[in-house]
Amino acid sequence: MRVTDVSKLKVGVLGGTGPQGKGLALRWAAAGIPVVLGSRAADRAEAAAAELRGLAGVEHITGLDNAGCAADADVVLVAVPWDGHRDLLEALRDELTGKIVIDCVNPLGFDKQGPFALPVQEGSAAQQAEQVLPDSRVTAAFHHVSAVSLADLSITDLDMDVLVLGDDREATDLVRALADAIPGFRGVYGGRLRNAHQVEALTANLIAINRRYKAHAGLRITDI
């Protein structure tokens with residue numbers, strides 16, 4: 001499907017009660033895009049949606065359980081903890097059939113030395129999603145966006161690039177447009193899905209930067 005006006009889409013956010021999912025949902029809703037939050041419990045999702053409706057001053061944010069969210073949305077963002085990633089996607093395979101899935105999960109570990117990338121048998125979280133969801137159009141994006149900055153609507157220009165990876169040109173173009181819909185974001189094609197590992201792993205470096213410099217750093221790609 002070729003969509004140029006992303007405001008006509010409904011974006012589902014699996015993990016919509018977590019900081020990253022809620023932050024992106026808030027920004028999309030503020031940009032006029034309908035959003036449905038997903039959670040294991042529908043009442044928890046609706047409570048988060050009510051909070052965001054108040055923050056954004058809009059009505060087009062709803063909350064459902066994960067299956068309802070996946071079924072109701074046109075495009076689905078996966079923003080769940082890594083340890084529940086595979087199980088959730090396996091459970092939602094039917095609801096996600098034929099849909100563009102945006103995986104923003106970072107498989108990371110933490111120890112006394114700080115954050116580090118975890119090995120993934122399939123290569124990356126996005127490639128695991130692709131394997132689990134053979135009938136979906138899997139992309140990878142939004143790994144390096146600060147949840148703190150997303151949640152602060154006083155920051156009107158987020159000033160960062162969003163790397164979008166995938167093997168389906170129409171799907172990556174649409175995800176880039178979803179990034180562009182958030183003021184200050186620019187969606188940048190970052191390569192095939194097989195290159196998602198280093199994008200996911202780079203999040204560990206950004207967390208280390210943010211801890212050292214007490215910042216909410218993002219990425220900018222030069223000369224494009």
Side-chain angles (χ1 to χ4, degrees), residues 1-80 85 88-89 91-105 126 129-130 132-133 135-143 145 147 150-151 153 158 162 164-166 168-183 185 187:
M1 65 178 175
R2 184 175 297 278
V3 178
T4 56
D5 183 1
V6 292
S7 69
K8 304 301 182 185
L9 296 173
K10 180 179 285 187
V11 179
V13 181
L14 300 175
T17 59
Q20 193 82 351
K22 279 177 69 176
L24 284 164
L26 176 64
R27 293 291 179 159
W28 279 320
I33 298 170
V35 178
V36 54
L37 305 183
S39 180
R40 283 176 292 183
D43 56 350
R44 188 176 174 209
E46 179 51 35
E51 176 191 349
L52 296 188
R53 287 195 294 268
L55 288 172
V58 299
E59 293 299 319
H60 48 263
I61 310 175
T62 55
L64 297 170
D65 64 17
N66 284 321
C69 170
D72 191 42
D74 300 305
V75 179
V76 178
L77 175 80
V78 182
V80 298
H85 182 261
L88 178 66
L89 295 184
L92 299 178
R93 185 180 289 122
D94 290 344
E95 289 83 355
L96 294 172
T97 293
K99 297 188 178 183
I100 293 174
V101 174
I102 310 166
D103 201 300
C104 75
V105 175
E130 182 182 46
V132 171
L133 303 171
D135 297 317
S136 299
R137 303 164 72 186
V138 176
T139 64
F142 301 104
H143 302 88
V145 180
L150 287 170
L153 289 179
L158 288 160
V162 173
V164 180
L165 296 91
D168 181 322
R169 176 65 179 268
E170 285 188 354
T172 57
D173 284 352
L174 184 143
V175 177
R176 287 175 52 228
L178 279 173
D180 292 344
I182 299 174
F185 276 6

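Please read all numbers here as calculations on a predicted model, not as lab measurements.
Atom CD of residue E95 and atom CG of residue D72 lie 11.5 Å apart, to the nearest 0.5 angstrom. E51 CD to T17 OG1: the interatomic distance, rounded to the nearest 0.5 Å, is 10.5 Å. Distance check: D65 CG to L14 CG gives 10.5 Å after rounding to the nearest 0.5 Å.
Contact annotation: the side chain of N66 approaches that of R40 to within less than 4.5 Å [non-hydrogen atoms, C-beta and beyond]. When side chains are defined from C-beta on, L24 counts as touching I182, because their heavy atoms get closer than 4.5 Å. At a threshold of 4.5 Å between non-hydrogen side-chain atoms, the residues L9 and L174 count as touching. Side-chain contact between R27 and L158 is present, with at least one heavy-atom pair separated by less than 4.5 Å. A 4.5 Å side-chain heavy-atom check between I102 and L178 finds at least one atom pair inside the cut-off. Contact of the V13 side chain with the C69 side chain is not registered, since no non-hydrogen atoms from C-beta on lie closer than 4.5 Å.
Not a single donor-acceptor pair under 3.5 Å links the side chain of T62 to the backbone N or O of L37. For K10 (side chain) and V36 (main-chain N/O), no donor-acceptor pair under 3.5 Å exists by modelled atom type. The closest donor-acceptor contact from the side chain of E130 to the backbone of G166 lies at 3.5 Å or more, if one exists at all. In terms of modelled atom types and a separation under 3.5 Å, the side chain of S39 and the main chain of R44 share no donor-acceptor contact.
Across every non-hydrogen atom of A73 and G12, the tightest pair is CB-N, 3.2 Å. The minimum heavy-atom distance between S136 and L96, with the atom names listed, is OG-O, 2.6 Å. The nearest pair of heavy atoms linking V132 to R93 is O-NE, 2.7 Å. The shortest heavy-atom contact between G63 and E46 is N-OE1, 3.2 Å. Closest approach of L26 and A151 over heavy atoms only: CD2-O, 3.9 Å. In terms of heavy-atom proximity, Q20 sits nearest to L150 at O-CD1, 4.2 Å.
Of the candidates V105, L133, L92, V78 forms a side-chain contact (heavy atoms from CB on, under 4.5 Å) with just one, namely V105.
The side-chain contact (heavy atoms from CB on, under 4.5 Å) search around A31 returns none, not counting sequence neighbours.
For the pair D173 and R169, the salt-bridge criterion is met [side-chain N within less than 4.0 Å of a carboxylate O].
In this structure, F185 and F142 have tilted ring planes: the angle between them lies in the 30° to 60° band.
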